[in-house]
2 protein chains.
Amino acid sequence: MAARHEEIADELRRAIDREEYTVGSRLPAETDLAAHYGVSRGTVRQAVAALTAEGLIGSRQGARRVVLASRRSQSFAELRSFAQWARAMGREATGQVIAQEYRPATAEDAVRLQLRAGTPVLHVLRVRGLDGEPVLLERTVYADWISPAVEPIEPDCPSVTQRLYDDTGLVFAYGEHVIDAVAAGAQDADLLSVRRTSPLLRVRRVTTTREGRPVEWSDDRYRSDAVSFSVHNSMDSNALARKTAE
Amino acid sequence: MAARHEEIADELRRAIDREEYTVGSRLPAETDLAAHYGVSRGTVRQAVAALTAEGLIGSRQGARRVVLASRRSQSFAELRSFAQWARAMGREATGQVIAQEYRPATAEDAVRLQLRAGTPVLHVLRVRGLDGEPVLLERTVYADWISPAVEPIEPDCPSVTQRLYDDTGLVFAYGEHVIDAVAAGAQDADLLSVRRTSPLLRVRRVTTTREGRPVEWSDDRYRSDAVSFSVHNSMDSNALARKTAE
DNA sequence: TAGTGGTCTAGACCACGGC
DNA sequence: CCGTGGTCTAGACCACTAC
């Protein structure tokens with residue numbers, strides 16, 4: 001099933017969550033772990049590399065690895081899908097399509113989705129909520145080749161990601177996010193039940209397939225009193241960068 | 001000097017930047033790269049793993065690696081330091097301390113900086129700008145053990161990170177960022193030259209040493225018309241997570 | 001079916017850290 | 001000094017892709 005190094009990484013993560021290894025304490029040496037799990041040192045190194053990338057443990061040449069944190073950051077799957085993220089928190093995701101229509105791709109659409117300008121693309125305006133409370137307004141544009149699979153989905157489908165996976169086998173694999181803050185406009189305020197000019201957290205994102213083919217791009221606006229983003233950085237995974245406005 | 005796998009990773013990054021390998025094209029097979037660079041397959045794999053974590057290339061078992069992007073995301077050093085980030089963009093970073101004083105650590109300070117409540121900690125309010133235009137308001141609290149090195153720094157020092165490295169050898173290695181949006185308060189508006197209630201991008205962050213010891217924590221507020229954040233995700237480095245407000 | 005990446009092994013040497 | 005992690009090698013087998 002899963003690779004041996006993944007099993008070992010999981011066991012170590014669980015041990016840290018159980019506080020068998022407490023924050024600040026040292027992990028056993030690579031050779032000891034290798035002996036304990038009956039694998040070679042290389043396999044152990046694959047496992048601990050995953051935890052290091054997650055920021056769970058730190059390492060310095062010559063010294064034992066140190067446990068840095070116990071709470072795992074959310075998984076990639078939870079990031080990709082609003083519904084999966086909600087479920088992981090024990091809350092119920094809701095969704096409601098407000099408007100849905102085909103429009104010819106603008107120049108911007110064409111660049112972001114890597115298709116020809118004028119190609120009909122599907123625009124969807126969707127409000128999403130946690131336990132019924134609206135927290136997110138999504139303005140999404142789907143590429144022409146995936147639109148036929150999106151169009152027939154029921155307006156109140158709680159997880160579009162899951163539906164697309166079930167129907168087409170599509171897995172969202174890579175994404176680029178640009179995060180800033182905007183004042184709520186009239187439509188934003190109305191649909192999110194906040195006052196006009198309230199600060200909203202805006203995330204503009206492009207989602208692609210595992211092969212790098214763009215699937216959708218979206219302007220997401222979150223109620224900032226309800227949702228925030230958390231980014232963890234380490235020397236190994238430098239995923240966050242500041243950007244100036246164009 | 002640098003490890004061989006890092007040299008190879010650098011060469012591949014440059015080749016992609018030069019568009020020797022264009023977006024969408026395939027990288028040579030691992031065995032070919034190994035032969036070309038005169039190293040073993042394992043070393044090549046270390047190199048391409050770095051590019052994969054950066055989101056530059058994608059891979060699927062059985063198929064050649066594919067080039068996904070050409071522009072590299074900013075380096076970790078640029079993220080950690082406002083001045084280094086500005087310089088990388090060809091702009092000049094400015095800074096001005098507005099207020100600086102010692103206060104006893106609150107319970108929150110004590111938890112975030114892992115020290116005892118009541119310990120005197122250094123609070124610094126600093127405005128930072130790009131080419132003279134204010135874009136960022138930093139409210140930073142420094143741990144007691146680093147405060148003596150921070151206190152004597154000139155109020156208009158453009159790079160505190162660089163000064164601390166020069167003076168004490170301290171390297172910021174890990175950080176946790178929570179990002180949301182807030183409306184500008186009276187002081188925010190005044191110091192950033194924006195109207196009250198303007199949306200600001202807020203980043204609350206904790207910086208630690210490589211060993212995981214907290215150095216400082218800060219409430220940073222960016223003018224959202226001037227700065228945004230960009231996050232790249234891949235299956236390998238899941239650094240971004242949504243968070244609900246507590 | 002041949003090629004390719006994913007996984008794993010069993011060694012080796014070096015640089016750094018802690019005692 | 002000895003233990004540890006960082007690096008590297010030269011092989012092996014398997015699962016999956018592309019043709």
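No hydrogens, no waters, no symmetry mates; every other heavy atom, side chains included, goes into these values. Residue numbers begin at 1 in each chain, while the letters A, B, ... track the order of the sequences.
Residue B/Thr31 has no polar side-chain atom (N or O) positioned under 4.0 Å from OP1 or OP2 of C/dG3. Taking only side-chain nitrogens and oxygens, B/Thr43 never comes nearer than 4.0 Å to OP1 or OP2 of D/dT7. Residue B/Arg45 places none of its side-chain N or O atoms closer than 4.0 Å to OP1 or OP2 of D/dA10. When the side-chain nitrogen and oxygen atoms of A/Ser40 are compared with OP1 and OP2 of C/dG11, none of them lie within a distance under 4.0 Å. Phosphate contact (OP1/OP2 of C/dC8, side-chain N/O of A/Gln46, threshold under 4.0 Å): present.
A straight line from CG of A/Leu27 to P of D/dG5 spans 9 Å, rounded to a whole angstrom. Atom pair A/Leu33:CG and D/dG3:C1' shows a separation of 15 Å (rounding to whole Å applied). As rounded to whole Å, 12 Å separates atom C1' of D/dG3 from atom CD of A/Glu30. In this entry the distance linking CD1 of A/Ile8 with C1' of C/dT7 reads 12 Å, nearest Å. Atom CZ in B/Arg65 sits about 14 Å away from atom P in D/dA18, given to the nearest Å. In this entry the distance linking CD of B/Glu6 with C1' of D/dG6 reads 10 Å, nearest Å. The CD-C1' distance, from A/Glu7 to C/dC8, rounds to 13 Å in whole Å. Regarding A/Gln61, its CD atom lies at a distance of 12 Å from the C1' atom of D/dG3, rounded to whole Å.
Applying side-chain contact (heavy atoms from CB on, under 4.5 Å) to B/Val141 and the options B/Leu113, B/Leu122, B/Val124 leaves one that passes, B/Leu113.
As judged by a 4.0 angstrom heavy-atom cut-off over every strand, B/Arg41 is placed among the base-contacting residues. Within the 4.0 angstrom heavy-atom criterion, only backbone atoms of the sugar-phosphate kind lie near B/Arg4; the bases stay farther away.
For B/Ser59, counting side-chain heavy atoms from C-beta on, the closest listed nucleotide (C/dC8, D/dG5, C/dG6) is C/dG6. In this structure, of D/dC8, C/dG5, D/dG5, it is C/dG5 that holds the atom nearest to the side chain of B/Ala29. Which of D/dC8, C/dC19, D/dG6 sits closest to the side chain of A/Arg26 comes down to C/dC19.
What you find for B/Leu27 and B/Arg64 is that their closest heavy atoms are O-NE, 3.1 Å.
Annotation: side chain of B/Tyr21 is in contact with side chain of B/Pro28 (closest heavy-atom distance under 4.5 Å). The closest side-chain heavy-atom distance from B/Phe82 to B/Leu136 is below 4.5 Å.
Side chains of A/Asp144 and A/Ser147: a donor-acceptor N/O pair is absent below 3.5 angstrom, by distance only.
Remark on DNA chain C: of its neighbouring residues A/Ala63 and A/Val44, the 5'-side contact belongs to A/Val44, judged by nearest-heavy-atom nucleotide.
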